[in-house]
Amino acid sequence: MTFVVEASEKKQETKKKCLRNICSTKLLKKRLPILGWLPKYKTEYLVQDFIAGITVALTAIPQGIAYAVIAGLPPEYGLYASLTAGLVYVFFGSCYNVTVGPTAILSAMTAKYVTDYSADFAILAAFLAGICILLLGVLNLGFLVEFISMPVISGFTNAAALQIASSQLKSFLGLKGTSGNYFSQSVHNVYTNIGTIQPWEPFFGTCTIIILVLLKKLGEGCQRTDGFVKKTRWFLSLSRNAVVVILGMIIAYSLKLIYNSEPLVLIGDIGNGLPKFGLPPFGTTIGNVTYTYADMFQILGYQSLVLPFVAIIETVAIGKAFAEAGRIDATQEMIAVGLCNVIGSFAQSMPITGSFTRTALNHFSGVKTPAGGLANVLLLTIALTCLTDAFYYIPKATLAGLIITAMFSMMDYKLFVTLWRNSKREMILFVVTLVMCLSFGLEYGIVTGIILEALFLLYNVARPTVDVELLKCEKGELLVVNLSENMPYCAAEYVRQRVMKASLTAATNLPVVLNGVNLRKLDYTAAYNLMTVLKDLDKTNRVALLNFDVDVKKLCLNVDLQLQSKFVYASSPLELTDIFTKDV
């Protein structure tokens, strides 16, 4: 009775301790990081944060418009996403230099739902992806992304870059037809509509690429702390996306005044004002067809589950790249990005995640705290309320050139050669993921890569290394079978076959030593098979189990206690020749 009371009291104390930890100030500051950095904010940070925020906004505006175009959405949706996500991240983000918003890869993955249906599907995708990311963060399941290897991620990102670049060929060349939902469709559209090329579009697109490359080179070797000339070069280089868009707008407007027409294909009207706040669309009507939430969920399908995982991968990778010493709170970053998507979906946001380009720009601009995001949000608000009439004149060819340039900078050309020289298995993963993404779509490609990676991993687990060596000395010979560190149940039969095969190739009555010095993990099935092997070998050869771990030995003896005499300990297998000689 006393024992029951003590157990009950211990259980209640555990609950109280758990509640104290959940309700602690330390946890609150960890989950709401603004409470940690805002009280320590210094006046001298203000100018640096403001400059960094404005610099990032000058890139976020054209990129937001461009990524909305990639997703098949009206241009203002890209600005809506950057606006709401940027504001939420200021409160919940744990990395001071990370910026969030729409990215090229997520936009490309969202495009097929928008192209075939409507913008409501993009908003709902943001909401569902946010819920999924948030749950993974709360449950500390971020480790799942660690099972996606670098070759799979690289194959996916390279394919995404090619797909996005190819989808812009329609605007770059002024072609008719569709952009295509994946690479092969885009290439086919170019082939079938090559005769519809317009003269102005490829000229503008090519000029955009050339100017972007030149402006990037202009800033090489320059820093924000340099003299006036170098500082100006540095700023122009960092703001090159905004520069080419502004130049394109000026030229397009001038051409309209000169010719009284629009020879270039322009972005057109952009919604004026801030996004409308309300519940995400759990139902929509397209034409005369009404879709319920169940219908929309079914259309998004299981492929949409790739969206949150891609968002997590991008965010964690960016955070590790720019965080101090590469240390980030992955759980908090997932919670932050999840909330950005969920809250953003109430303000017409498309799916978002961390942006590598804008984060790098923020970092090199000297940002000190997440407050830099507020300056970014401020300029985005001004753009949405005051500058949308000017955005009308952005040429689509200019945006296409901007996107194509950005995509080629994403590609890793050297990886294929590196993998070819060092790891054929990983090269196969890279190539299969790349080809599947380009042929059938990004979702199918990365899922295929993950499944293939899992099969390779399972194969390695089921086929552990079992080294067999013949040791000779003056007192005789030994056949030593060195077992690996881990022997799971799926490897049990393979290990049995390897041991039996080794014993058959050896001379008759040659002593066999199963060396378990490295063996640390053994399950019951493997232990049962190992003891079976021992009894089979004992009929024809003298056998010993050398230097087995205490726990492993205990498990083996639970299978068959009569084999206890077979377990021996020595500093070297050759010492066992004395034992086998005495046995004779």
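Since we're looking at a predicted model, the values are computed, not measured.
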Within-4.5 Å side-chain heavy-atom neighbours: Tyr393 and Leu264: no

Quick check: do Asn341 and Pro351 have side-chain heavy atoms less than 4.5 Å from each other? yes

Step by step, work out the side-chain contact (heavy atoms from CB on, under 4.5 Å) result for Ser149 and Leu429. CA-CA 9 Å; Ser149 67; Leu429 277 173; 4.1 Å; yes

Write out all pairs satisfying ring-ring contact (aromatic ring centres under 6.0 Å, His included) with one or both partners inside residues 41-90, taking only residues at least two apart or from two chains. Tyr41-Tyr45, Tyr77-Tyr80

Applying side chain to side chain contact (heavy atoms under 4.5 Å, CB included) between Ile270 and each of Leu384, Leu387, Thr388, report the one that passes. Thr388

What I'd like to find out is whether the side chain of Phe156 reaches to under 4.5 Å of the side chain of Val152, using heavy atoms alone. no

Just by distance, do the side chain of Thr192 and the backbone of Asn189 share a donor-acceptor pair under 3.5 Å? yes

Where is the tightest heavy-atom contact between Ala252 and Pro395, given as atom of each residue plus distance? CB-CG, 4.1 Å

Does Thr103 reach the side chain of Glu314, with side-chain heavy atoms less than 4.5 Å apart? yes

If you compare all heavy atoms of Thr84 against all heavy atoms of Ser349, which two are closest, and at what distance to 0.1 Å? OG1-CB, 3.9 Å

Whether Ser167 side chain and Ile164 backbone form a donor-acceptor pair below 3.5 Å: yes

For side-chain contact (heavy atoms from CB on, under 4.5 Å), just list the numbers for Ile267 and Tyr392, CA-CA rounded to whole Å, side-chain angles, deciding distance to a tenth of an Å, and then say yes or no. CA-CA 6 Å; Ile267 284 291; Tyr392 175 94; over 6 Å; no

With side chains defined as the heavy atoms from C-beta onward, is the minimum distance between Ile312 and Val337 less than 4.5 Å? no

d(Leu162 CG, Ile404 CD1) to nearest 0.5 Å is 11.5 Å

Would the distance check show the side chain of Arg358 and the main-chain N or O of Val56 forming a donor-acceptor pair, the cut-off being under 3.5 Å? no

Ring-plane angle category for Trp420 and Phe416, please: parallel below 30°, perpendicular beyond 60°, tilted otherwise. parallel

Give, for atom CZ of Phe309 and atom CD1 of Ile133, the distance between the pair rounded to the nearest 0.5 Å. 9.5 Å

Could you check whether any side-chain N or O of Ser166 sits under 3.5 Å from a backbone N or O of Gln163, counting only pairs where one atom can act as donor and the other as acceptor? yes

Is the side chain of Thr385 donor-acceptor paired with the backbone N or O of Gly273 at a distance under 3.5 Å, no angle test? no

Under a 4.5 Å cut-off applied to non-hydrogen side-chain atoms, are Asn158 and Met411 in contact? yes

Rounded at 0.5 Å granularity, tell me how far CD1 in Ile197 sits from NZ in Lys170. 13.0 Å

Using every non-hydrogen atom in the two residues, find where Ile105 and Ala160 come nearest and quote the distance to one decimal. CG1-CB, 3.7 Å

Pair Val245-Thr208, side-chain contact (heavy atoms from CB on, under 4.5 Å): steps then yes or no: CA-CA 9 Å; Val245 169; Thr208 298; over 6 Å; no

Any side-chain heavy-atom pair of Pro39 and Leu35 under 4.5 Å: no

Would you say the side-chain atoms of Thr359 pair up with the backbone N or O of Ser355, donor to acceptor, closer than 3.5 Å? yes

Suppose we screen for ring-ring contact (aromatic ring centres under 6.0 Å, His included). Which residues come up paired with Phe121, at least two apart in sequence or across chains? Tyr117

When rounded to the nearest 0.5 angstrom, what distance separates CG in Asn376 from CG in Leu87? 10.5 Å

Side-chain contact, heavy-atom cut-off 4.5 Å: Leu134 with Ile335? yes

Of Thr157, Thr353, Ile153, the residue whose pairing with Ile313 passes side chain to side chain contact (heavy atoms under 4.5 Å, CB included): Ile153

Nearest heavy-atom contact between Ile70 and Ala111 is O-CB, 3.4 Å

To the closest 0.5 Å, what do you measure between CD1 (Ile251) and CD1 (Ile258)? 10.5 Å

Taking every heavy atom of Ala371 against every heavy atom of Asp49, the minimum-distance pair comes out as CB-OD2, 3.9 Å

Can you tell me if Phe91 has over 12 outside heavy atoms packed within less than 6.0 Å of its CZ? no

Considering all heavy atoms of both residues, which atom of Cys437 and which atom of Ile446 are nearest to each other, and what is their separation? SG-N, 3.8 Å

Would you compute the distance between atom SG of Cys207 and atom CG of Leu247 and round it to the nearest 0.5 angstrom? 10.5 Å

Any sub-3.5 Å donor-acceptor pair from Glu333's side-chain atoms to Ser94's backbone N or O? yes

Taking it one step at a time, do Glu426 and Glu453 satisfy side-chain contact (heavy atoms from CB on, under 4.5 Å)? CA-CA 9 Å; Glu426 291 182 296; Glu453 176 68 79; 5.9 Å; no

Answer yes or no: are there more than 12 heavy-atom neighbours, outside Asn260 itself, under 6.0 Å from its atom CG? no

Ignoring hydrogens and geometry, is there a side-chain-to-backbone donor-acceptor pair from Gln348 to Phe346 under 3.5 Å? no

Determine whether more than 12 heavy atoms belonging to other residues, nucleotides or ligands lie under 6.0 Å from atom NZ of Lys276. no

